[in-house]
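First comes the structure, then the notes that go with it.
Every chain is numbered from 1 and lettered A, B, ... according to where its sequence line falls, protein lines coming before strand lines.
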2 protein chains.
Amino acid sequence: MDKKKKIIIADDHPLFLYGVKQIVEESGKFEISGEFNSGEDVFEFIANTKPDFAILDVRMPECSGLEIVEKISDAGLATKAILLTMYKNLNYFYKAVSLGVKGYILKDTATQELLSALEKISYGGVFISEGLQKQLKNRKIDSHKQEIVLLSINSLTASERNILRLLAEWKSTKEIAEELFISERTVSNHRNHICEKLNLKGANRLVRFAIENKELF
Amino acid sequence: MDKKKKIIIADDHPLFLYGVKQIVEESGKFEISGEFNSGEDVFEFIANTKPDFAILDVRMPECSGLEIVEKISDAGLATKAILLTMYKNLNYFYKAVSLGVKGYILKDTATQELLSALEKISYGGVFISEGLQKQLKNRKIDSHKQEIVLLSINSLTASERNILRLLAEWKSTKEIAEELFISERTVSNHRNHICEKLNLKGANRLVRFAIENKELF
DNA sequence: GAATGAATGAGTAGAACTACTCATTTTTTT
DNA sequence: AAAAAAATGAGTAGTTCTACTCATTCATTC
């Protein structure tokens, strides 16, 4: 048998972390070399210890799983990232794929799926949660649109991202203007630009997008 | 030593369920007599098997933890409910307290906390997550207001709850009107009544409330 | 049977957001 | 240095939601 592969886990829910740890260790094929309760310091640890796998929660305090994956990718590290998420948000998924994530698992369909994923990825494969695959099939028509959305997010400027961030906190145009010391008109214009770029139309669509895609910008 | 106490667990995230199960069983003092991946059938199982504890996720498909607790309370069962939640939403907490919940634990501060809770509750106590206690202290001034909000939710009528439910799905007044075959004005009036009852003021406040308190109505 | 509450609908005024177009200044890129 | 992109601001029209007041019908309660 091969040497045990090293895995680090990061999730802000301790009980969840515990569950992942148990399942991974029980299999006898892997070794947990690091555990984290937030996204903080995770990338530094990966860069220093170069584990084989990194199992990351998408939504975490300090630094989201997606951000960590981005850093791993930028640094050209060999650590294979597996994302765990609660949400069937396809935008997160496309973002993850574009960052070279090897596994994407939904928390509500994941126990033995996790081991299958590790197995498959060990041999150079890619693993996607069954629940998400269904989602992908159902929305075959929309998938192209959603990829465009993702590309569009990359085209957002710093100010636009900033405003999206504040919108995700339910702040109004007026509140954002006051917070950033700029005119309401400027904020309003930025909002419109974002809507154009993301092709969002109708009442509250932008606020909704901001709230449902917090981790994406 | 006493006989092992029976516990049932319900959570729609299998890995989480697994973590809870491991921790509870490791202690040697408790026995898992039932596991559920959704809120469905949970109450029936509790009514039939009368376990000592029920560890329930607040947000679950089919039937939320809060609903299950309500049924336990209505049926006058002795099963002690412990709620697990991801969200520091105090409204959920107040609702839980009003339903006679014995433990309220945040998922992001819970591992050994869970055993302490079971221990404490066994001896007739009540357990509240440390993270939430802080929250309660910080908002001491607001706490009265929030309790009023909770009371007010009980005063909502069936139609009003229905509209809140649709608002939580980001539906607009027009969409709700079409879906319920009533006039936009009627929906608008209901919205205003709800705002009055819940003392919500300003742009998007109602939509925000609906989205952040889905499980409450 | 009168009173109350609930569901339904409308009128009006104002606030906030959407959806356009346009202009000026600054920064970045080439 | 010239061109392009970004940040800032404004004009105007239309939509949606907020915040009131009011009326009618129906069911429940007392």
Side-chain angles (χ1 to χ4, degrees), chain A residues 145 148-214 216-217, chain B residues 145 148-214 216-217:
Chain A
K145 259 189 213 162
I148 291 174
V149 164
L150 191 62
L151 286 173
S152 310
I153 286 177
N154 291 327
S155 80
L156 293 178
T157 66
S159 310
E160 287 165 348
R161 276 161 213 267
N162 207 15
I163 282 170
L164 262 183
R165 204 173 43 73
L166 294 169
L167 284 170
E169 295 169 16
W170 289 96
K171 300 219 161 103
S172 69
T173 296
K174 189 186 253 178
E175 288 168 327
I176 295 172
E178 281 167 11
E179 192 163 331
L180 300 181
F181 301 107
I182 55 180
S183 153
E184 283 181 45
R185 306 309 309 272
T186 304
V187 177
S188 173
N189 288 330
H190 280 310
R191 289 180 74 141
N192 286 325
H193 289 148
I194 301 170
C195 285
E196 276 171 35
K197 286 184 182 178
L198 302 181
N199 200 33
L200 297 171
K201 281 165 191 162
N204 273 330
R205 275 309 282 118
L206 184 56
V207 180
R208 178 175 180 175
F209 179 86
I211 286 167
E212 288 181 347
N213 296 278
K214 282 191 224 284
L216 233 47
F217 35 88
Chain B
K145 260 189 212 164
I148 290 173
V149 165
L150 190 62
L151 287 173
S152 309
I153 285 177
N154 291 327
S155 79
L156 293 179
T157 66
S159 310
E160 286 164 350
R161 274 163 215 266
N162 208 15
I163 283 172
L164 261 183
R165 204 173 42 74
L166 294 169
L167 284 170
E169 296 169 17
W170 289 96
K171 300 219 162 104
S172 69
T173 296
K174 188 185 253 178
E175 289 168 326
I176 294 172
E178 280 166 13
E179 192 163 331
L180 300 180
F181 301 107
I182 54 180
S183 152
E184 284 182 43
R185 306 311 308 274
T186 305
V187 177
S188 173
N189 288 330
H190 280 310
R191 287 179 76 139
N192 285 325
H193 289 147
I194 300 169
C195 284
E196 276 172 33
K197 284 185 182 176
L198 302 181
N199 201 34
L200 297 171
K201 281 166 192 162
N204 274 331
R205 276 309 282 119
L206 184 55
V207 181
R208 177 174 182 176
F209 179 86
I211 285 166
E212 290 182 341
N213 296 276
K214 282 190 223 286
L216 233 47
F217 34 87

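- At least one donor-acceptor pair under 3.5 Å links the side chain of A:Asn189 to the backbone N or O of A:Arg185.
- Not a single donor-acceptor pair under 3.5 Å links the side chain of A:Thr173 to the backbone N or O of A:Glu184.
- In this structure the side chain of A:Asn213 never reaches within 4.5 angstrom of the side chain of A:Leu164, judged on heavy atoms.
- Whole-Å rounding puts the A:Glu160 CD to D:dT8 C1' distance at 12 Å.
- Judged purely by atom type and a 3.5 angstrom limit, A:Arg161 uses its side chain to pair as donor or acceptor with the backbone of A:Ile153.
- Computed from coordinates, the B:Asn162 CG to C:dA6 C1' distance equals 14 Å when rounded to whole Å.
- For the pairing with B:Glu179, the salt bridge (charged side-chain N to carboxylate O under 4.0 Å, His left out) check across B:Arg165, B:Lys174, B:Lys171 returns one residue only, B:Lys171.
- Rounded to 10°, the helix from C:dG1-D:dC30 to C:dT30-D:dA1 has 40° between the axis fitted to its first five pairs and the one fitted to its last five.
- Here ring pair (Phe, Tyr, Trp, His ring centres under 6.0 Å) pairs that include residues 150-204 of chain A, with residues two or more places apart or in two chains, are A:Trp170-B:Trp170.
- Counting heavy atoms from C-beta on, the side chains of A:Leu166 and A:Leu180 come closer than 4.5 Å.
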- Task: At under 4.0 Å between heavy atoms, which parts of nucleotides 8-23 of chain C does protein reach? Answer with one letter per nucleotide, 5' to 3': B base, S sugar-phosphate only, - none.
- Result: BBBBB---SSBBB---
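- Between the C1' atom of D:dA5 and the CD1 atom of A:Ile194 lies a distance of 16 Å, rounded to the nearest Å.
- Using a distance-only test at 3.5 Å, with no hydrogens or angles considered, a donor-acceptor pair links the side chain of B:Ser152 to the main chain of B:Lys197.
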